[in-house]
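Each chain gets a letter, A, B and so on, in the order the sequences are listed, and its residues count up from 1.
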Amino acid sequence: MMPDLGWERGSDDLPRAHLPPERLPSGVAALRQAGFDYLICLSGVDRGEARQVVYHLRDTARHREVALYVDVPSRREEVPSLTDQFRAADWPEREVYDLFGVRFAGHPDLRRILLPETFLGHPLRKDYREDDPEVAPEGEPELPAAPDEMWINVGPQHPSTHGVFRMLLKLSGETVEGCRPCIGYLHRGFEKLAERRDYVQYQPYPDRWDYLAAMNNEHAYVGAVERLMQLEVPRRAEYLRVLATELNRVASHLLWLGTFLLDLGAMSPFLYTFREREMIMELFNELSGARMTYNYLRIGGAAHDLTPELARQIRAFLPYFHRRLAEYEALISDNEIFLARVRGVGLLPPDEALNRGASGPLLRASGVDWDLRRDRPYGAYPELSFQVATASTWDLHGRYLVRLAEMRESCRLVEQVLDGLPEGPHRAKVPVRVRPPAGDTYFAVESPRGELGVFLIGDGTDHAWRLKIRAPSFMNLMSLEPMLQGHLAADAIAILGSIDILLGEVDR
Amino acid sequence: MPEAFGILTLATLGGALGVVLATDVVHSAYFLVLAFLGVAGYYFLLGGEFVGAVQILIYAGAVAVLFLFAVMLTRRRADPVWGRSPARWLGVGGAAALLAWLLLTHLERHPWPTKLPPPAPHNTALIGKALFRPFVVPFEVVSVLLLAALVGALLLARKEGGAS
Amino acid sequence: MPSLGDFLAVGAGLFVLGLFGALMKRTAVAVLMGIELMLNAANLNLVAFAAFSGRISGQIFALFVIALAAAEVAVGLAILLSLFRSRATVRMDDIDLLKG
Amino acid sequence: MGQPYLRLAAAALILAAFVLGTAAFLVWFERKLLGRMQVRPGPNRVGPGGLLQPVADILKLTVKEDILPEHADRPLFRLAPLMAFVPAFAAFVVLPFGPGLVSADLNIGLLWILAVSTVSVLALIAAGWASNSKYALLGGMRAAAQMISYEVPLVLSLIGVVLAAGSLRLGRIVAAQAHLWFAVPQVLGFIVYLIAATAESNRSPFDLPEGESELVAGFHTEYSGVRFAFFFLAEYSYVFLAAAIATLAFLGGWSGPFLPPVVWFLVKTYAVIFFIIWLRATLPRIRIDQLLSFGWKVLLPLSLVNIFLVGLFRFI
């Protein structure tokens, strides 16, 4: 049963309700009662005269989604925090505070998250002026250290933080007793950029959100724009998108596998997985003309068609890759040291994973059978057959097995695309100036790292009023702290690696 | 030979002096290693190479590491190494000086042998035989004691309620 | 050629220095180090006597002393560690009571 | 009077050159081998087959800035690299490369090597402590815990050999294997030795003191330039030493048909080194708690069983 919050239908067919701030906690509690167990996305919006916070919630068992719109009172810009109901609200609320200046009453640790603590102003507000002074005179944030505590600073320059991630670990001996993650070193303002470029101009940017799964990012962006303008995409294009994104998933998982083993101290798999990843990059180079920032998926379809020669190459790659996968498994899967390092380490129980907004392989390895490709189908996925891999061990081993299985499934999908590629155009007729009607839409794809969503608000012009990126790495990183508790420093690195974060996407 | 003796004396007594005088306990520990190695050198000089090697293995290799471990686990920057009362300085210093004077003057009076008997060719084998024939009872007692010490140290150093 | 007396003199020096350190240092670890120095002095004498008398028993004694010293250090430092855990100090003056 | 000292100095010089040369060669050997195992060529620019790469590396390191961290314990920081290297050098003194090919044929040769090489852990602790860096300190502490734990099974695994040979002199140990390598009857001891020796020389999968995925570079995080080079060379000297002892104590030393003894010795030693490098290319790193419990709960009992078995066979 749905609690009655005054639902209406939005432009994207999602039930939505407008709530005053004081009714938000009870409304969300009622929704939780009704089975809504997942906070998908928490976005701040500046409507011009007032701020707004938008909550997307999901019922994973019954596949229902709703959106809640809360207008922030303009006298005192504060809304109740949801952190006591959804831990997933923690960082997103900090982000809204950081970028919009909206305060959340009851938030345990309301600090800036993406921008330095000394930053002045809130840059996603429409009244923010770029030529205002940006930062207060530099001050070093205090270490939360009592004299007898041992805090060790890991990152942002550290071999195993996978980029400019920084975490402060509180150690007792080598046991981790606490963790304070710090992010934002790679914040490049992609959400603000979307308000200054028109829809077509913005197309190359998603490549840079998560540069290891650029195709999947493109898919999320163009998908959202297409849904907003209600554009029909040719079937051939949808198939090409599956081809590109699934190959990209394999490439991304390969990189994860190599670096994860490197985190565990095994150096060779890294070089092996890069060999196969390189071949996929070459295929992408043929397909799109670029190795990293493809700009291949365009609004209305794909930039180029698949040539028969390239199809032949991809077809030849698949059996080769299966052999290599078997090789990896022979090297890694039964290795006693590997198993000792990954079994029972970094446990994330399913309810905790859902509550903290985890998604993708991290969520599935915690035993939650959820995959957007199957459960919120988009593109050509309803016409293709594939298995969703899950694991019930909740640990690092499960995450390894899930990603390995996903690589196999992605290959199966690629094979099906090659077999059943429909004839027709690879791109719809799209006007030179893309001008979707005013409206809101949330579109999400299953990226290699999890649910990559784009919450897009159009105002009828040729550029977005607001584009919010629901970054899976950002959300998954919130599960780091509970997983670390009580493990050793070496495990902390492995657990961090198992989440598969990408700082470009965490910080955006 | 006299040169070797001189170098070893320098190392041993210098090391011991360093242990006493160093203001940092970690430095003391490394000076202690120097003294241990010097003493091991004397053993080699005296033809007791087995004892010398054991001295290095146990003292420099194990005991010193234990010391360093203990220092690192219990160190507080504020802990003073010195800071005794002047009376104690005088008392202990005087007593030590007196003892040294007594020992050294007595040592000088006695006509000590200067000639080392030729070292036994099978020194190590002799030690082994001695250990297991005339000294077998003390040997076994020591081994039991070592076991007791091992268990005791483990129990003492164990954290309450958890293995460590 | 150094005589037996020279070795004994070094032993005496080592002993006196060890004694001085053991009595004057304030940290328990340093006190233990002084004691080790004294044990080494005794050992040096034992081995020197054994060598100059041409008999083996001095060396055997030295071996026993080394074994005992190792045990003593292990237990001593373990006691120190547990004291440190309960009192957070290794200063000798603060830990002169048998009962806490 | 001057004569023996001159000879001593000359011997020391030759030995030092040999130790440094071996370490440098091992660096090349490992990089080349790892390259081959990891589908890449390895060093191939400086000298034939990249053979001079280590020389170039050492040259580079000597001209690099020698950085002293702020608030470091200066004397200890400076001393630590030397402390790491000198014991390795001292151990090489008694290493026989063939019948009579030894600098000093001590009758307790094996014990000497074991004793001297244990001192090297003091260098790692000193480096970790003196650097005034938490990563280095953790590395130093790991080194201490690891060395103490693995020394026991290491020594015990060799006791079986000593028992069977009836001597600590390395030459006699080799001679005792004229008919049968000790690796055959004492296969248990051999395995324990290989594992413990890998751990003692801080090699993967036991390279925790420098485990770069969490501790950046462990005890030598703060080192640069020549001092870093010393740690580097010391590590490779210990690898050679560990392999050489395996050869002498378990693989029949320099004995073998046709080829001259020195060649046999080197061939066997490099076979063991190959194995150690192979491990590095294959295995992930073990965790500190697993490392310690493996040492105490698996290796120690196994080495005791080995001694018991050897004693039993001697008795029968």
Side-chain angles (χ1 to χ4, degrees), chain B residues 1-2 5 9 12-13 16-17 19-20 25 28-29 32 35-36 39 42-43 46-48 51 54-55 58-59 62-63 66-67 70-71 73-74 79-84 92-93 96 99-100 103-104 107 110 112-114 116-117 126-127 130-131 135 138 142 145-146 149-150 152-153 156-157, chain C residues 1-10 12-21 23-27 29-30 32-34 36-37 40 43-44 47-48 50-54 56-57 59-60 62-64 66-75 77-82 84-85 89-91:
Chain B
M1 185 79 174
F5 185 83
T9 306
T12 310
L13 292 184
L17 209 64
V19 173
V20 178
V25 198
S28 281
L32 190 66
F36 287 159
V39 172
Y42 285 129
Y43 296 165
L46 289 165
V51 191
V54 168
Q55 162 93 4
I58 303 294
Y59 268 119
V63 170
L66 275 182
F67 270 123
V71 171
L73 287 177
T74 61
D79 279 336
V81 180
W82 297 109
R84 295 289 188 185
V92 175
L99 183 66
L103 285 172
L104 291 177
L107 281 175
H110 198 278
W112 297 107
T114 54
L116 261 179
L126 279 178
I127 289 179
L131 268 182
F135 290 98
V142 165
L145 184 109
L146 271 179
L150 182 77
L156 279 170
Chain C
M1 184 62 220
S3 70
L4 176 54
D6 297 334
F7 285 99
L8 297 186
V10 174
L14 210 54
F15 187 84
V16 169
L17 283 169
L19 185 70
F20 185 74
L23 288 178
M24 289 305 292
K25 288 280 187 170
R26 288 195 85 159
T27 20
V29 182
L32 270 177
M33 287 181 193
E36 289 306 314
L37 280 181
N40 264 273
N43 259 356
L44 180 57
V47 175
F52 279 93
S53 68
I56 204 78
S57 37
Q59 293 191 21
I60 306 281
L63 285 175
F64 282 144
I66 291 177
L68 290 182
E72 171 242 315
V73 169
V75 174
L77 292 178
I79 291 175
L80 210 82
L81 218 64
S82 60
F84 180 75
R85 287 222 184 89
T89 181
V90 285
R91 287 168 58 176

**Q** Looking only at heavy atoms, which two atoms of C/Phe20 and B/Ala96 are closest? And how far apart?
**A** CD1-CB, 4.2 Å
**Q** Specify the closest pair of heavy atoms between B/Val51 and C/Ala62, including all atoms of both residues, with the distance to one decimal.
**A** CG1-CB, 4.1 Å
**Q** Please look at B/Tyr59 and chain C and tell me whether the side chain, the backbone, both or neither of the residue comes under 4.5 angstrom of a heavy atom of that chain.
**A** side chain
**Q** Are C/Glu36 and B/Phe36 close enough that some pair of their side-chain heavy atoms sits under 4.5 Å apart?
**A** yes
**Q** Roughly how far, to the nearest 0.5 Å, is CG of C/Asn40 from OH of B/Tyr42?
**A** 11.5 Å
**Q** Side chain from CB out, backbone as N, CA, C, O: work out which of these in B/Leu13 comes under 4.5 Å of a heavy atom of chain C, or both, or neither.
**A** both
**Q** Which atoms of B/Ala100 come close to chain C, meaning under 4.5 Å heavy atom to heavy atom: side chain ones, backbone ones, both, or neither?
**A** both
**Q** Which one, C/Leu19, C/Asn43, C/Leu68, leads in non-hydrogen pairs under 4.5 Å with chain B?
**A** C/Asn43
**Q** So which atom in B/Ala153 and which in C/Ala74 form the shortest heavy-atom distance, rounded to 0.1 Å?
**A** CB-O, 3.9 Å
**Q** Please give me the minimum heavy-atom distance between B/Val25 and C/Met33, naming the atom from each residue.
**A** O-CE, 3.8 Å
**Q** So for B/Leu131, is it side chain, backbone, both, or neither that comes closer than 4.5 Å to the heavy atoms of chain C?
**A** both
**Q** Non-hydrogen atoms of chain C under 4.5 Å away: do they reach the side chain of B/Leu66, the backbone, both or neither?
**A** both
**Q** Given the options B/Leu150, B/Ile127, B/Leu145, which has more heavy-atom pairs under 4.5 Å with chain C than any of the others?
**A** B/Ile127
**Q** Heavy-atom distances under 4.5 Å only: say whether C/Leu14 touches chain B with side chain, backbone, both or neither.
**A** both
**Q** Between B/Leu17 and chain C, which part of the residue has a heavy atom less than 4.5 Å away: side chain, backbone, both or neither?
**A** both
**Q** What's the shortest heavy-atom distance between B/Leu146 and C/Ala67, and which atoms?
**A** CD2-O, 3.7 Å
**Q** Passes side chain to side chain contact (heavy atoms under 4.5 Å, CB included), B/Val39 versus C/Val47? Steps please.
**A** CA-CA 10 Å; B/Val39 172; C/Val47 175; over 6 Å; no
**Q** Looking only at non-hydrogen atoms, find the nearest pair between B/Val142 and C/Phe64 and report the distance.
**A** CG2-CD2, 3.6 Å
**Q** Which atoms of C/Ile66 come close to chain B, meaning under 4.5 Å heavy atom to heavy atom: side chain ones, backbone ones, both, or neither?
**A** both
**Q** Could you tell me which portion of C/Ile79 (side chain, backbone, both or neither) has an atom closer than 4.5 angstrom to a non-hydrogen atom of chain B?
**A** both
